[in-house]
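Step one of this worksheet: look at the structure below.
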Amino acid sequence: MTDPVAQLPSELDQLPDRDPEETAEWAASLDAVTKAAGPHRAAYLMRRSLQHAEGAGIALPKLLETDYINTIPTSAEPAFDGDLEMESRITAWNRWNAAAMVTRGARYGVGGHIATFASAAWLYETGFNHFFRGKEGDGSGDQIYVQGHASPGVYARAFLDGRLSEQQLDNFRQESGGDGLPSYPHPRRLPWLWEFPTVSMGLGPLSAIYQARFNRYLTNRKIKDTSNSHVWAFLGDGEMDEPESTAALALAAREQLDNLTFVINCNLQRLDGPVRANFRVVQELEGAFRGAGWNVVKTLWGTAWDELFQLDTTGALVRRLREVPDAQFQTYATRDVAYIREHFFGAEPALAELAKLLSDAKIAECFYSSRGGHEARKVYAAYRAALAHKGAPTVILAQTVKGYTLGKGFESKNANHQMKKLSVDEFKDMRELLGLPIPDSAFADGLVPYGHPGADSPEVRYLQERRAALGGPAPARRVHSVALPAPEERAFKALYKGSGKQEMATTMAFVRLVKDLMRDKETGRRWVPIVPDEARTFGMESLFPSAGIYSPLGQTYEPVDRDQLMYYKEAKDGQILNEGITEAGAMADFIAAATSYATHGETMIPFYIFYSMFGWQRTGDQMWQLADQLGKGFIVGATAGRTTLTGEGLQHADGHSHLLASTNPASLNYDPAFAYEIAVIVKDGLRRMYGQAAPGEDSNVFYYLTVYNEPKQQPAMPEGVEEGIVKGLYRFKEGTPASADAPRIQLLGSGTAIHWVLAAQELLAADWGVTADVWSATSWGELRRDALECDEALLHGEQRVPYVTQALSGAPGPVLAVSDWMRAVPDQISQWVEQDWSSLGTDGFGLSDTREGARRHFGVDPQSVAVAALAQLARRGEIPASKVKEAREMYGL
């Protein structure tokens, strides 16, 4: 029976065949080869033909997968530019000290990871000795994203280099005393060494891509020439399972980021077991990267395999390597040679014959240790190839053994990620393997000793000379802070005076402010507007023709709206980063721009605007990465609140981002109600982050502002409210008492809720004779931060009164706080308010409705606020309880 699938037409059936007879002859030739020499020979000829066609410039789709062998044959490896014996000794010391540091720390139960660096040692050492540019040379140096679990190896090298002491190594993962080392790359904890936090797996690859892109952005906008900077991202093969790891591969290829190299340590193991137990992760990754347009360099086998490949005249060895799953190859590294002869070479007669030519020692060497990632010459050749390749980023797939040199108890064991120490006997075996001059007497106290050849030893001199030639130590973080001048005042004054009778949403007010600030002669070009493909939603299309959308290709087409005033303009020196539908990509952009002051010594002012629901909830992990990397800038949650975005419903209704943001110590969170409040907050943020921070202020912060899409008349700024705006609370409108004994209440509102509160103020006065004072709470979070600091001061004997307590001191009546957020947001400050406290909010899921309908549903519309205020007064006995029921009936609640 004919297979119906085989009869389906292909895309070739749609193309004209000018000579069917010639086509048939080619097919017949292939059939003949298959019949005479077998399908493997036919496949070989086809691949050779494709390779020849590519070399001849014939455009053909590329194969997504090559054989399971090295991309660069031994015969094509460049001469090694260094002293291999010396570098081997340096690497041995680093291996030892990395393992010793983690093992010694195990005494205190602080843990640590040994096996990752053991597999990747040569991947790092080759880079440090030959490729990674430091920050003391020309330009900014290279940007190195160290795999988080490999940090002990980097600390060990810094110890050898004299940048860390034994005491610091002994304080690994013990930071509270102030002289410890963080477990992973954390710039906020060790800011002179680490540049990039990477242990939240998947964020390193994503950030590296956008860092390489931002480097090009700086160059194309003529802010800084970064052409000598290269981005190196060291990743695990298991880490590539994270969706963020591969989320932007196409972007990197599309923008031809040949200033970027991924080095993936393919030790075939994840945290619990094989990465692809029944498959081959190297081949899978090759297909993914080739399909995305990357240059792929596979560095799989060490030189011990050369003899095997030379003896493989039938291709049986290559075929076998292509079919053995990762978990089985991991098993080979732990079994005896007899097992390998039977299960690997016994798979077909040609392999069995080949095995007869190999000694047990040769088979053991190949299957136990000889991997491309463990040989400096192989790694060196791969790195050279990566730097030489132009027009696309490169990924190096380097195969290693997890736990290499740590002994049979560690190597290739499924549990080695959780194994935190070696025994003294295991260290002595390791000492012999590495050839280190550490005497038995050094173990006298039962502790493994650190090893160091001496500050003036040939190894240390060689290491330091290599680094000096490459531009100084690496990794390293350098900050050359230069305060930016304050922008001209006129941009802020436009919002101070309000909008008159015209209505304007606070989202529009923010965009108008930034547009004016981008015109500032001194600092305007340093603004980096970032938006994930909804610029028109936020009224930013006016920036398109003036600032331009960044594209390294410029605009190679005529835009469909070219005849319109606000047409879609792309430019090579464009200022706007419009990232498409990727909040993660936009956030990675923001991090690169927000930390440029350290990475490149160029201060940039990024603002990232997004649907507030898709910020902290969707990319909160990156917000922590931003904080860890000491980033600065403005994050703007637009169309904020649970009830202002009419019709969009549950998934667009944000009532909790301020609660999420409050968990991040570096985030200063504001919920401004009026345009002038935005102006004051942004002005103060520019001063604090980019100008002169006040004594005691941390400048390494970022601002989260929520703005609304509900048009309202924007009032002019009252006198003397700037301090209250920045600190989080000020009285906006005092109530006029109807009589001397009229009941009184304090109404606090943030963001768009201020308008419900103001309307409630009028209802209370007109319908119930109740006087209400209205306060604008611009930041529940900053009020809480100040109060917590006051509590901490009290523990040290210093009497300080929280600002919120001072501001409300003596204010008569209870306090009712209202916002478009969950009640937990304003409730953050309740314990520091002396008056009786209650709150209204939008707890629960969002829903589609009109603004009025949604607010009535959540009980935060003006009538609901008025009833809640009356209930507060009734609870205190200041009005009859019957008034509450009467009000509910009057307002139809």
Side-chain angles (χ1 to χ4, degrees), residues 93-118 120-121 124 128 135 144-201 203-204 234 417-422 427 442 445-452 455 460 463 473-479 595 598 621 624-631 663-666 698-701 792 795-796:
W93 286 115
N94 291 339
R95 287 182 182 278
W96 178 274
N97 287 322
M101 179 179 66
V102 175
T103 297
R104 289 168 69 100
R107 292 174 295 166
Y108 308 108
V110 295
H113 299 288
I114 307 176
T116 295
F117 176 72
Y124 289 101
F128 285 130
K135 294 184 174 296
I144 309 166
Y145 288 76
V146 174
Q147 189 181 0
H149 293 126
S151 61
V154 177
Y155 289 140
R157 196 174 204 275
F159 169 64
L160 202 66
D161 193 15
R163 294 201 290 162
L164 290 175
S165 66
E166 281 195 21
Q167 180 183 353
Q168 286 173 299
L169 295 191
D170 258 356
N171 285 336
F172 175 60
R173 292 192 169 193
Q174 298 176 76
E175 300 177 76
S176 60
D179 197 29
L181 299 180
S183 51
Y184 304 120
H186 288 304
R188 186 170 284 275
R189 289 297 182 215
L190 202 61
W192 60 267
L193 180 72
W194 298 119
E195 275 199 287
F196 307 107
T198 54
V199 83
S200 187
M201 289 189 283
L203 298 190
F234 288 83
H417 192 79
Q418 281 72 36
M419 296 162 68
K420 311 300 183 187
K421 60 183 178 179
L422 280 73
F427 266 109
D445 59 359
L447 278 179
V448 56
Y450 294 116
H452 200 293
V460 173
L463 180 156
R477 183 176 180 272
R478 298 286 185 268
V479 177
T595 56
D621 195 9
W624 280 94
Q625 182 187 15
L626 169 68
D628 202 358
Q629 205 168 320
L630 289 81
T663 64
N664 191 308
D698 182 5
S699 64
N700 295 314
V701 295
E792 177 68 19
L795 296 177
H796 297 279

By salt bridge (charged side-chain N to carboxylate O under 4.0 Å, His left out), Arg478 pairs with (sequence neighbours left out) Glu136
Between Ala627 and Asn664 the two heavy atoms that sit nearest each other are CB-OD1, 3.5 Å
Mind checking the CG-CD spacing from Asn171 to Glu166? Nearest 0.5 Å is all I need. 12.0 Å
Working to the nearest 0.5 angstrom, can you tell me the gap between Gln174 CD and Ser183 OG? 12.0 Å
Residue pair Gln629, Phe196: steps toward the side chain to side chain contact (heavy atoms under 4.5 Å, CB included) verdict: CA-CA 6 Å; Gln629 205 168 320; Phe196 307 107; 3.3 Å; yes
Tell me every residue that passes side chain to side chain contact (heavy atoms under 4.5 Å, CB included) with Asp698, counting only those two or more places apart in sequence or in another chain. Arg188, Arg688, Asn700, Val701
Under the rule for ring pair (Phe, Tyr, Trp, His ring centres under 6.0 Å), what residues qualify as partners of Trp93, not counting sequence neighbours? none
Is it the case that over 12 heavy atoms from other parts of the model lie below 6.0 angstrom from the CZ atom of Arg189? no
Arg173 and its side-chain contact (heavy atoms from CB on, under 4.5 Å) partner, picked from Val110, Val102, Leu181: Val110
List for me each residue that meets salt bridge (charged side-chain N to carboxylate O under 4.0 Å, His left out) alongside Arg157, sequence neighbours excluded, and say none if there are none. Glu125
How would you list, by chain and number, every residue that makes a salt bridge (charged side-chain N to carboxylate O under 4.0 Å, His left out) with Asp161, sequence neighbours excluded? Arg163
Can you name the closest pair of heavy atoms from Asp628 and Pro197 and give their distance? OD2-CB, 3.3 Å
Parallel, tilted or perpendicular: rings of His113 and Tyr184 (30°, 60°): parallel
So, the side chain of Thr116 versus the backbone of Ala150: is there a donor-acceptor pair under 3.5 Å, distance only? no
Atom of Ala474, atom of Ile144 and distance for their closest heavy-atom approach: CB-CD1, 4.0 Å
What distance do Asp170 atom CG and Asp179 atom CG have between them, rounded to the nearest 0.5 Å? 11.0 Å
Set out, in order, the CA-CA distance, both residues' side-chain angles and the distance that settles side chain to side chain contact (heavy atoms under 4.5 Å, CB included) for Val146 and Tyr124, then state yes or no. CA-CA 9 Å; Val146 174; Tyr124 289 101; 3.9 Å; yes
Nearest heavy-atom pair of Asn97 and Ala156: which atoms, and what distance? CB-CB, 3.8 Å
Yes or no on side chain to side chain contact (heavy atoms under 4.5 Å, CB included) for Arg104 and Leu169, after CA distance, side-chain angles and deciding distance? CA-CA 9 Å; Arg104 289 168 69 100; Leu169 295 191; over 6 Å; no
Answer whether the closest heavy-atom distance between the side chains of Phe128 and Pro473 falls below 4.5 Å. no
Pro665 and Trp624 have their tightest heavy-atom pair at CD-CH2, 3.5 Å
Between Val448 and Leu422, does a side chain to side chain contact (heavy atoms under 4.5 Å, CB included) hold up when you go through it step by step? CA-CA 9 Å; Val448 56; Leu422 280 73; over 6 Å; no
Hey, are the side chains of His452 and Leu160 touching, using non-hydrogen atoms and a 4.5 Å cut-off? yes
In Å and rounded to the nearest 0.5 Å, what is the CG to CD distance from Leu190 to Gln168? 7.5 Å
How close do Trp194 and Ser151 get, heavy atom to heavy atom, and via which atoms? CZ2-CB, 4.0 Å
Side chain of Trp96, backbone of Phe427: donor and acceptor closer than 3.5 Å? no
I'd like to check the salt bridge (charged side-chain N to carboxylate O under 4.0 Å, His left out) partners of Lys135; sequence neighbours left out, ordered by chain and number. Glu195
Report yes if the side chains of Gln147 and Phe117 come closer than 4.5 Å at any heavy-atom pair, otherwise no. no
